[in-house]
Amino acid sequence: MSDSPAVPGIEDLPEQMRIRRDKRAELLASGAEPYPLGAKRTHSLTEIRAKYAELATDTASGDKVSVTGRVMFMRNTGKLCFATLREGEGTELQAMLSLANVGEERLAAWKHLVDIGDQVAITGEVISSRRGELSVLADEWEMTSKALRPLPVAHKDMSEEMRVRQRYVDLIMRPAAQNTVRTRSAVVRSLREQFHERGFMEVETPMLQPIHGGASARPFATRSNAFDTDLFLRIAPELYLKRCVVGGLDKVFEINRNFRNEGSDSSHAPEFAMLEAYEAYGNYDTVAALVRDLVQGSARDVYGSTVVTHADGTEYDLGGQWREVTLFGAISEALGEEVMVRTPYETLKKYADRIELAVDPVWSAGQLAEEIFEELVVDNLRAPTFVRDYPVETSPLVRDHRTEPGLTEKWDLYALGVELGTGYSELVDPVVQRERFVQQARQAARGDDEAMRLDEDFLRAMEYGMPPLGGFGLGIDRLLMTLTGLGIRETILFPMLRPE
RNA sequence: GGGCCUCUAGCUCAAUGGCAGAGCUGCGGACUUUUAAUCCGUAGGUUCAGGGUUCGAGUCCCUGGGGGCCCA
């Protein structure tokens, strides 16, 4: 605690910030505390609003209360001052300070020392103003937290950069920003509760991993000093959750962060929340039904309906059975040419050239097919759609298709043109799994830096016997995008940006 | 990784190569019922950083940085 600011170059501060620091000093000099330990508070603003909702215009309740809030609006006139207080959840209530009630000295102090953005406590009678505004007519007021920075203008949108960099200001200024956070919290809670109702157990598996695996992506690398070893931030929890299933934890899920060392755009963030779940004796059909039920259940829990209203006012329907297409069926339809898993690379390359797709020479035929799919089809998958049956060389952790050679039992779930999640009939044969890892290692050697690494301990776990298994992953941020219609940077409270 | 746009007062934005401005905010004043009050007065700037062209650069050029959009 100090009277003198520890900020270097304090004299160089913008005028408005200097003045607010001066007001803080004046409060201290007058014996008041700009940051008191607590405040007198008998009711929340929400409680006052509820309790006096019926109070008639221009009447007094006779009830004395103490309330607190941040000053969002002020109107200082000669002998009667108005201020709009807002509390955490966004409820607002008017405070009125009249010369007759607080006296000349306290009214002058209010006008001189209180700025928009300050947090104050008001004690007085609950009344309704002449205009019918529910108010607390102050007998006394106290500063509860002096703001040293001015809030942005309330009537203009903040720039996107400021909203994201200074999310705390966004949360103060924009109730919709708080709503997004609340919605996210409610969705995650709903998912957890639904899992528990179905007998799933939540586990936490390593974020720091000696070998990154479970997905195709570039990892963040870090280092343990104590163990003198390189570590990776996980790109997926998959290989550890499967170890759990080997151990007899037959129905497990995890909701936690994954990290991928890649750029960010409207649907990608380097750090993102992932749900993964595994169900012994399940397969890609059972987990497709499961993920659909979970998403629809969370929509019902949070919005009361599987038809949700997006930020732009349009309705989006998550209800009913979701459309299912096969990967190669979708490609064939988009190209107007019959494409199968056996279609040779040269033919696919010809089609890729026709649509002017830039082809990376390290891609296999299967990868090329998936790239064509992403180029031609993905944007059009607006309604929730399962895309099924992927080529084996891009699906190293997935069981071979029960009837279609060269394909695996994998689906990707798309909505609004964005991949929401993926689900498998999991590969549980350790001998085949080892072959798949070896194939991935060959791809890595060819220059594919997203190829998976061989995880010997994971194979050892598999060799003890993994039951038939269905699993899926669902991006939490992207689920929120689907439910709200917002971009990923709005669904994440503090998305990564370059340091200022 | 490539292309395009953008960065000016606390915030949102103006300014043909020629005095750096407005609204809100702030400060001082008037006003006992305001809802972005009104009125009078007033303050506030390293125009992202560095370099260049020019009599003169917020503006044109180069390099670097931040942000956004599109493409890969």
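Numbers restart at 1 for each chain; the letters A, B, ... are given by sequence-line order, proteins then strands.
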For [N], which nucleotide in any strand shown is its Watson-Crick or wobble partner with both distances under 3.5 Å?
{"N": "B:rU38", "answer": "B:rA30"}
{"N": "B:rG50", "answer": "B:rC62"}
{"N": "B:rC69", "answer": "B:rG3"}
{"N": "B:rC13", "answer": "B:rG21"}

side-chain hydrogen bond (donor to acceptor under 3.5 Å, both in side chains) between A:Ser129 and A:Ser135, intermediate numbers included = CA-CA 7 Å; A:Ser129 77; A:Ser135 308; 4.8 Å; no
Using a heavy-atom cut-off of under 4.0 Å over every strand shown, decide if [X] touches base, sugar-phosphate, or nothing.
{"X": "A:Leu99", "result": "base"}
{"X": "A:Ser159", "result": "sugar-phosphate"}
{"X": "A:Arg163", "result": "nothing"}
{"X": "A:Lys156", "result": "sugar-phosphate"}
{"X": "A:Met96", "result": "base"}
{"X": "A:Asn76", "result": "base"}

[options]: which one has an atom nearest the side-chain heavy atoms of [X]?
{"X": "A:Glu133", "options": "B:rC24, B:rU32, B:rU35", "value": "B:rU35"}
{"X": "A:His112", "options": "B:rG10, B:rU32, B:rG28", "value": "B:rG28"}
{"X": "A:Glu160", "options": "B:rG10, B:rG68, B:rC27", "value": "B:rG68"}
{"X": "A:Met162", "options": "B:rC24, B:rU12, B:rU35", "value": "B:rU12"}
{"X": "A:Asp115", "options": "B:rG68, B:rC27, B:rG10", "value": "B:rC27"}
{"X": "A:Arg165", "options": "B:rG66, B:rC24, B:rG68", "value": "B:rG66"}
{"X": "A:Gln16", "options": "B:rC69, B:rU32, B:rG26", "value": "B:rG26"}
{"X": "A:Ala358", "options": "B:rG68, B:rA72, B:rG66", "value": "B:rA72"}
{"X": "A:Pro152", "options": "B:rA72, B:rU32, B:rC11", "value": "B:rC11"}
{"X": "A:Glu161", "options": "B:rG68, B:rC27, B:rG66", "value": "B:rG66"}

Starting at atom [atom1] of [X], determine the distance to atom [atom2] of [N], rounded to an integer number of angstrom.
{"X": "A:Lys111", "N": "B:rU32", "atom1": "NZ", "atom2": "P", "value": "9 Å"}
{"X": "A:Ile488", "N": "B:rG68", "atom1": "CD1", "atom2": "C1'", "value": "17 Å"}
{"X": "A:Glu356", "N": "B:rC71", "atom1": "CD", "atom2": "C1'", "value": "12 Å"}
{"X": "A:Arg167", "N": "B:rG67", "atom1": "CZ", "atom2": "C1'", "value": "15 Å"}
{"X": "A:Gln166", "N": "B:rG66", "atom1": "CD", "atom2": "C1'", "value": "14 Å"}
{"X": "A:Arg489", "N": "B:rG66", "atom1": "CZ", "atom2": "C1'", "value": "14 Å"}
{"X": "A:His268", "N": "B:rC69", "atom1": "NE2", "atom2": "P", "value": "14 Å"}
{"X": "A:Ile372", "N": "B:rA72", "atom1": "CD1", "atom2": "P", "value": "14 Å"}

Nearest-Å distance once atom [atom1] is located in both [N] and [M]:
{"N": "B:rC24", "M": "B:rU38", "atom1": "P", "value": "7 Å"}
{"N": "B:rU12", "M": "B:rG68", "atom1": "P", "value": "15 Å"}
{"N": "B:rG65", "M": "B:rG28", "atom1": "P", "value": "44 Å"}

query = How would you list, by chain and number, every residue that makes a salt bridge (charged side-chain N to carboxylate O under 4.0 Å, His left out) with A:Glu87, sequence neighbours excluded?
reply = A:Arg41
query = Does any non-hydrogen side-chain atom of A:Arg184 lie less than 4.5 Å from one of A:Thr180?
reply =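 They are not in side-chain contact.
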ask   = Between the main-chain N or O of A:Arg106 and the side-chain N or O of A:Trp141, is there a donor-acceptor pair closer than 3.5 Å?
value =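 Flag set: sc A:Trp141 to bb A:Arg106 pair under 3.5 Å.
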task = Kindly check if the number of other-residue, nucleotide or ligand heavy atoms within 6.0 Å of CG (A:Asp157) is above 12?
result = no
query = Taking the six-membered ring where the residue is Trp, are the ring centres of A:Tyr316 and A:Tyr303 under 6.0 Å apart?
reply = no
request  = Any chance you could lay out the side-chain hydrogen bond (donor to acceptor under 3.5 Å, both in side chains) test for A:Gln439 and A:Arg442, step after step, and finish with the verdict?
outcome  = CA-CA 5 Å; A:Gln439 174 58 32; A:Arg442 273 198 287 271; 2.9 Å; yes
request  = Would you mind telling me which residue lines up with the more 5' stretch of RNA chain B, A:Met158 or A:Glu15, judged by nearest nucleotide?
outcome  =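 Per heavy-atom nearest nucleotide, the more 5' residue is A:Met158.
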message = With nearest nucleotide decided by heavy atoms, which residue, A:Ala154 or A:Pro150, maps closer to the 5′ end of RNA chain B?
response =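 Checking each residue's closest nucleotide, the 5'-ward one belongs to A:Pro150.
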